[in-house]
There are 2 protein chains.
Amino acid sequence: MDEPLPPLSALRAFEAAARHLSFTRAATELGMTQAAVSYQIKILEERVGAPLFLRLPRRLTLTETGERLAPGMIEAFQLIRQTFSASRQKAQTVLTISVVQSFAAKWLVDHIGEFQLNFPNIAVRFDVSQDLIDFNRSEVDVAIRSGKGDWPGLVSHLLIRADFAPMLAPSLAGEVREPADLLKLHRIGPNDPWWHLWFAAAGVGEVPGQSGPELVVDSQFLEGNLALAGRGVAMLTPAFYRRELEAGWLVQPFPLVCAGSFGYWLVYPHARRNAPQIRAFRDWIVGRAPAVPDVGPNGIVVPVTR
Amino acid sequence: MDEPLPPLSALRAFEAAARHLSFTRAATELGMTQAAVSYQIKILEERVGAPLFLRLPRRLTLTETGERLAPGMIEAFQLIRQTFSASRQKAQTVLTISVVQSFAAKWLVDHIGEFQLNFPNIAVRFDVSQDLIDFNRSEVDVAIRSGKGDWPGLVSHLLIRADFAPMLAPSLAGEVREPADLLKLHRIGPNDPWWHLWFAAAGVGEVPGQSGPELVVDSQFLEGNLALAGRGVAMLTPAFYRRELEAGWLVQPFPLVCAGSFGYWLVYPHARRNAPQIRAFRDWIVGRAPAVPDVGPNGIVVPVTR
DNA sequence: ATTTGTCATAAGCCCTCTTTATGGGAGGTA
DNA sequence: TACCTCCCATAAAGAGGGCTTATGACAAAT
């Protein structure tokens, strides 16, 4: 390890020239001119302290020294080429997605199959977590996170805007005639600012506070489950609960949907924007997930400024 | 072979960094700054399409991709280092000398042993031939040739000036009292211009031509042998026949020695002037062979212009 | 004798790589 | 908590290596 390495570009030229026994052909292979190869070989010969080739009239021969050097170099470069291309191919066939629970459970599970059908040679690996991971410290390729799309150094694509409307189990929906009726029910995630915003948009002035356990972690997913279980009314994103609504497991009693000020974003490091598996996933999901979700036949979307 | 190689300097940086798991230490080993290593790794990561290291707080870890790349690269670079240093060491331990017969037989055999004692790890290989070899087309390191030292592209050191004087076997020397007596004997190499020059210096005007077989190849060596065999008188370089003269096998009847207009030179390509085995041989032989030879107690050297 | 194939050399320019300088993040420590 | 230190990232700027173009030489092939 103490010996300084010889000039590598010279070795590359030598390796090619030794295989072809021709500077001209080596140059062609390396995509450079014959003069450049000649120059590099000269450099190397000076470093080695002996000629590496015999320049015979119309052909090139390795000297003894060259003969001693060539096999090792050819092997070494072959190893480099193999290792490199193998690792690159492998790197392209695995896509690790860090994603928040709600999006994973409510959207991705229904659609990821299509991606995998379209790209059968890309293996998808999920990493479900709540925090915005640090791409420097994990082996995640892309992440799907909720927020406003203002992450420095990352490319962001809005997938679904986080609109919201109250939903509840059908067993609780009987008493609900007008928005104010919701206040009689247990509110899931009572401290969520969405309640204030939605009631304001619905014309209900007073929203009394409500005591109870606070849920902070990924509200959507857990709150949706509680609502499904009939534990109260929750403020959910319709696009995520399309299936439950259609099946009648959940009821959205009022068509009023507030436009969320944040959304779910696909993000990845700018430096890796051209990695094949990232391109494939981005192109697919951006075309697949409408940024402004279809709220259904009875949706009324009201923009809300927070 | 079709895949273009990745940037080699980036690989070199990666290889060192992968061994040390530290950009800083890798930089130290490579004799550059930490910033340069960081830059190179970044380049490589873009080429590969995936991060190679995880930048954890106070330590560095290889990613899966890096882990896949590292062993091959370390092995390849080790092979390069080994092959290179081995070939260079071997190249330095063999010295091939192309030399003319006369110098080889008459001077080198008596002295080369000393060189080999002084440099026991340099293996000497001789290539005895008459023509001035083309260093581009043979694996000769240095050559010893007769001439005037005016070879373009080559470094020349005068080893021994080709002085000359007539010599003959003692059996023939009885009749010889004055230079003109030599004309009665058979002259070996009769067309050699040295005859005219020497007789002119000796004050003998007429030198009649002489018929007989012509000898052209390396005159010194063959002519000396013929003279030793008592076949006539030859024009020889005293420095080459010191031993024969001292032993009485040859006689130099007159102290008059003409200074030759050419000599024996050590030559080698300028580009290789610093190759260790060439330096060693040059330094030794230049100090060993006096360019203007000692002509002995009874030598009178007369400069001759051709 | 001319053409062709191959390598060497000179001159010049550009781009890569390096260094310098600086900042940020997270442990370790008082 | 505050500070210090270790380590990597980044920006800017400079230098030099390495490439290209152009030309020449040499010898074999035509």
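Protein chains get the first letters and strands the later ones, always in sequence-line order, with residue 1 at the start of each. Since we're looking at a predicted model, the values are computed, not measured.
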request  = May I ask you to say what A:L60 touches in the nucleic acid, namely base, sugar-phosphate or nothing, with a heavy-atom cut-off under 4.0 Å?
outcome  = sugar-phosphate
key: For DNA chain D, the residues among residues 51-58 of chain B that have a non-hydrogen atom under 4.0 Å from it   = B:R55, B:R58
message = Just verifying a value: how many Å separate A:F103 CZ and A:I160 CD1, rounded to the nearest 0.5 Å?
response = 5.0 Å
task = Specify the residue among A:R137 and A:E45 whose closest nucleotide of DNA chain C lies further upstream toward the 5′ end.
result = A:E45
ask   = Taking atom CD of A:Q101 and atom OG of A:S129, what is their separation to the nearest 0.5 Å?
value = 9.5 Å
ask   = In chain order, what residues pass the side-chain contact (heavy atoms from CB on, under 4.5 Å) check against A:L62, with sequence neighbours excluded?
value = A:F14, A:A18, A:L21, A:F53, A:E67, A:A70
ask   = Distance from A:I97 atom CD1 to A:D127 atom CG, nearest 0.5 Å?
value = 10.5 Å
query = How long is the span from the OG atom in A:S146 to the CG atom in A:L159, to the nearest 0.5 Å?
reply = 11.5 Å
task = Grab the CG-C1' distance between A:L21 and C:dC7 for me, whole Å please.
result = 14 Å
query = Residues two or more places apart in sequence or in another chain: which of them pass salt bridge (charged side-chain N to carboxylate O under 4.0 Å, His left out) with A:R273?
reply = none
remark   = As a check of understanding: the bend across the helix from C:dA1-D:dT30 to C:dA30-D:dT1, end axes from five pairs, rounded to 10 degrees, works out to 30°
request  = Please check if the side chain of B:T63 supplies one atom and the backbone of B:L52 the other of a donor-acceptor pair under 3.5 Å.
outcome  = yes
request  = Please name all residues satisfying ring-ring contact (aromatic ring centres under 6.0 Å, His included) with A:F115, sequence neighbours left out, ordered by chain then number.
outcome  = A:F119, A:F281, A:W284
inquiry  = Run the salt bridge (charged side-chain N to carboxylate O under 4.0 Å, His left out) test against A:R12 and tell me which residues pass, sequence neighbours left out.
reply    = none
task = Nearest whole angstrom, please: distance from the P of C:dC7 to the CZ of A:F23.
result = 6 Å
inquiry  = If only side-chain N and O atoms count, and only distance matters, is there a donor-acceptor pair under 3.5 Å linking B:Y268 with B:H157?
reply    = yes
Boundaries of the chain B footprint along DNA chain D (any atom under 4.0 Å from a heavy atom) = D:dT5 to D:dA27
query = Does A:R125 come within less than 4.0 Å of B:E64, counting only side-chain N to carboxylate O?
reply = yes
Produce the list of close N/O pairs, under 3.5 Å, pairing protein atoms with atoms of nucleotides 18-22 of chain C; give distances to one decimal.
from   : atom 1 : to    : atom 2 : distance (Å)
C:dT18 : OP2    : B:Q40 : NE2    : 2.7
C:dT19 : OP2    : B:T33 : N      : 2.7
C:dT19 : OP2    : B:T33 : OG1    : 3.0

ask   = Counting any heavy atom closer than 4.0 Å, what does A:S38 reach on the DNA or RNA strands: base, sugar-phosphate only, or nothing?
value = base
query = Excluding sequence neighbours, so at least two apart, what forms salt bridge (charged side-chain N to carboxylate O under 4.0 Å, His left out) with A:R282?
reply = none
request  = Would you please name every residue forming a salt bridge (charged side-chain N to carboxylate O under 4.0 Å, His left out) with A:E45, sequence neighbours left out?
outcome  = A:R55
Can you name the atoms? Protein N/O to nucleotides 11-14 of chain C N/O, anything below 3.5 Å, with the distance.
none

query = Which value, rounded to the nearest 0.5 Å, describes the distance between A:I133 atom CD1 and A:S98 atom OG?
reply = 5.0 Å
note = So ring pair (Phe, Tyr, Trp, His ring centres under 6.0 Å) across residues 122-144 of chain B, not counting sequence neighbours, yields none
